[in-house]
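Working notes for the structure below.
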Amino acid sequence: MSGTVLSPHRSLEPGHGVPTIWTHVSAWLRRGRLDQELATGIPSWESPRHAARALQLTRRSHRTALAQGLNRVLQEVRRTTPRMRRMSCVMPCRGAVLRCAPLLEELADVLAGDLPLDPMRVARLHILIRDGAGPFYCPRRSGELHHALELIRAGIVADD
C-alpha cells in the first residue's frame, strides 16, 4: 500500500456540488438521521448528504421494495389464519392495517409507478413502517395511522 491517507471529501460539506459515491455511502450510513430530517421538512438541497439520501429514497429499487413490503403486509393481514409469527419481530397491527388497506394499496401503486416522488413523503412512509412503537404497530393508534397515511398520500407525488 502506498500510505494514502483517507480524508473527508469536500462534497460532504454543505454547498459543494453534486453528491459523489462517498457522499452516497455517508448518506446510507446516516440514513436514520437523514430520513428524520427529510421527513420533518429539511429540503433535499440542504447538503449533498441530504440530496444523496433523497435520491436513494426515490430510486426505483427502493420504491419497488417499499411497494412490495406494503403489499406483503396487506396479504398477510388478509389471511384468515396468519402464518406462524416469529417471537423476534414486531408484527403490524392487523386491525389498523385492514382499516387503512385502501390507502396502503394506493401508496403501493404510486411507489410502483413512474411518477416523480417527494423525498419528504417517502421518508415519512419509511419511518412510519420502520417504527415498531408507532401507529403501524400499535392497536390503539389506528386513527393516527390513517391520518399519517393520508398526509403522505396527499403529497407523495412530487410537484414538477
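Since this is a predicted model, take the numbers as computed values, not measurements.
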*With a 4.5 Å heavy-atom cut-off, do Asp131 and Tyr137 have their side chains touching?*
no
*Sub-3.5 Å donor-acceptor pair from the side chain of Arg130 to the main-chain atoms of Gly32, do we have one?*
no
_Heavy-atom closest pair, residues Met120 and Gly41_ = SD-CA, 3.7 Å
_Is any side-chain heavy atom of Thr23 closer than 4.5 Å to one of Trp28?_
no
_According to a hydrophobic-cluster definition based on side-chain heavy atoms being under 4.5 Å apart (Ile, Leu, Val, Met, Phe, Trp, Tyr only), do Leu104 and Val157 belong together?_
yes
*Is any side-chain heavy atom of Leu151 closer than 4.5 Å to a side-chain heavy atom of His147?*
yes
*Where is the tightest heavy-atom contact between Ser142 and Cys100, given as atom of each residue plus distance?*
O-SG, 4.4 Å
*asked:* Is there a path of hydrophobic side-chain contacts, each under 4.5 Å between heavy atoms, that joins Val77 and Leu66?
replied: yes
*Are the side chain of Arg124 and the backbone N or O of Ala39 linked by a donor-acceptor pair below 3.5 Å?*
yes
*Is there a path from Ile152 to Leu103 through hydrophobic residues (I, L, V, M, F, W, Y) whose side chains come within less than 4.5 Å of each other?*
yes
*asked:* For Val97 versus Pro92, what's the shortest heavy-atom pair and its separation?
replied: CG2-CB, 3.9 Å
*Just wondering, do Leu125 and Leu111 contact through their side chains at under 4.5 Å, heavy atoms?*
yes
*asked:* Treating His50 as the side-chain partner and Trp45 as the backbone partner, does any N or O pair qualify as donor plus acceptor under 3.5 Å?
replied: no
*Hey, are Arg153 and Glu105 close enough for a salt bridge, meaning a charged N less than 4.0 Å from a carboxylate O?*
no
*Flag the pair Arg33 and Glu37 as a salt bridge only when some basic side-chain nitrogen lies within less than 4.0 angstrom of an acidic carboxylate oxygen.*
yes
*Indicate yes or no: at least one non-hydrogen side-chain atom of Ile42 is less than 4.5 angstrom from one of Leu34.*
no
*Indicate the atoms forming the closest heavy-atom contact of Ala52 with Ala27, along with that distance.*
CB-CB, 3.8 Å
*Step by step, work out the side-chain hydrogen bond (donor to acceptor under 3.5 Å, both in side chains) result for Ser61 and Arg59.*
CA-CA 6 Å; Ser61 61; Arg59 74 176 174 228; 3.0 Å; yes
*Check the surroundings of atom CZ in Arg140: do more than 12 heavy atoms from other residues, nucleotides or ligands lie under 6.0 Å from it?*
no
*Run the side-chain contact (heavy atoms from CB on, under 4.5 Å) check on Arg99 and His146 step by step: do they pass?*
CA-CA 8 Å; Arg99 281 188 287 281; His146 190 273; over 6 Å; no
*Could you pull out the closest heavy-atom pair between Gln56 and His62, with the gap in Å?*
O-CB, 3.3 Å
_Straight-line distance of Glu144 CD to Cys138 SG, nearest 0.5 Å_ = 8.5 Å
*Of all the heavy-atom pairs spanning Leu117 and Thr58, show the shortest one and how long it is.*
O-CG2, 3.7 Å
*Report yes if some heavy atom in the side chain of Ile156 is under 4.5 Å from a heavy atom in the side chain of Leu107; otherwise report no.*
yes
*What distance separates Arg72 CZ from Leu74 CG, expressed to the nearest 0.5 Å?*
11.5 Å
*Ignoring hydrogens and geometry, is there a side-chain-to-backbone donor-acceptor pair from Arg63 to Gly113 under 3.5 Å?*
yes
_Minimum side-chain heavy-atom gap Leu145-Leu128 below 4.5 Å_ = yes
*Can you tell if the side chain of Arg60 reaches within under 4.5 Å of the side chain of Asp114, non-hydrogen atoms only?*
yes
